[in-house]
Amino acid sequence: MEANSAGQSIESYCGKCKKSLDHTVMTMEGDVVAKVRCKTCGSLHKFRNPLDAQKVPKPRAKKGSGEESTAEIVWEASLAKAKGKEREYDMAAKYRVGDVVNHRTFGKGIVVKLYSNKCDMLFKDRERLMASANVL
Ligand SMILES: [Zn+2]
């Protein structure tokens with residue numbers, strides 16, 4: 001006698017109920033349970049082994065790490081493209097877009113936008129508005 005067959009009860013993870021519940025086997029694919037119907041909510045869905053469902057990695061938190069790594073990728077790409085000379089950050093200096101500055105606290109930054117007496121510099125973690133001697 002087969003372990004599972006259509007019509008039998010089986011424990012499966014239900015995506016609607018969001019937990020492992022008793023299901024009725026609806027279709028089989030060989031020896032494998034294909035589709036099941038949830039006895040609680042009545043939805044028909046693929047069989048999901050409750051043990052496998054527990055192994056599914058939790059989605060990464062959207063806040064924090066994700067954004068930081070995106071900023072870092074942009075920063076690395078900008079740094080690779082930057083053609084300006086690398087120099088120490090000096091608020092009394094004039095900058096051009098693409099200049100690379102070395103900031104004592106923030107590290108390497110790329111000048112991305114100029115304003116009067118200030119400019120946007122992209123640092124590893126985020127963009128910062130920095131003082132400069134630029135005159136527009
Ligand atoms: Zn359900």
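We count ligands from 1, going down the list as the structure has it; atoms in each ligand are counted the same way.
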- Can you list, by chain and residue number, the protein N, O or S atoms under 2.8 Å from the Zn ion (ligand 1)?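 Short answer, with waters excluded from the count: Cys14 SG, Cys17 SG, Cys38 SG, Cys41 SG.
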- Partners passing side-chain hydrogen bond (donor to acceptor under 3.5 Å, both in side chains) against Lys94 (at least two apart in sequence or in another chain): none
- Those residues that, when tested against Asn102, pass side-chain hydrogen bond (donor to acceptor under 3.5 Å, both in side chains) (two or more places apart): Glu86
- Query: How long is the gap from CZ on Arg37 to CG on Asp22, to the nearest 0.5 Å?
  - Reply: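 One gets 15.0 Å once the value is rounded to the nearest 0.5 Å.
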- Positive for side chain to side chain donor-acceptor pair (under 3.5 Å) with His23, one of Lys35, Gln8, His45: His45
In a table with atom names and distances, give each donor-acceptor pair under 3.5 Å that connects a side chain of residues 126-136 to protein atoms at least two apart or in another chain.
| residue | atom | partner | partner atom | Å |
| --- | --- | --- | --- | --- |
| Arg128 | NH1 | Asp125 | OD1 | 2.9 |
| Arg128 | NH2 | Asp125 | OD2 | 3.0 |
| Ser132 | OG | Asn134 | N | 3.3 |
| Ser132 | OG | Asn134 | OD1 | 2.7 |
| Asn134 | OD1 | Tyr95 | N | 3.0 |
| Asn134 | ND2 | Tyr95 | O | 2.8 |

- Could you give me the CA-CA distance, side-chain angles and deciding distance for Ser9 and Lys39, then say whether side-chain hydrogen bond (donor to acceptor under 3.5 Å, both in side chains) is met? CA-CA 9 Å; Ser9 289; Lys39 287 184 181 180; 2.4 Å; yes
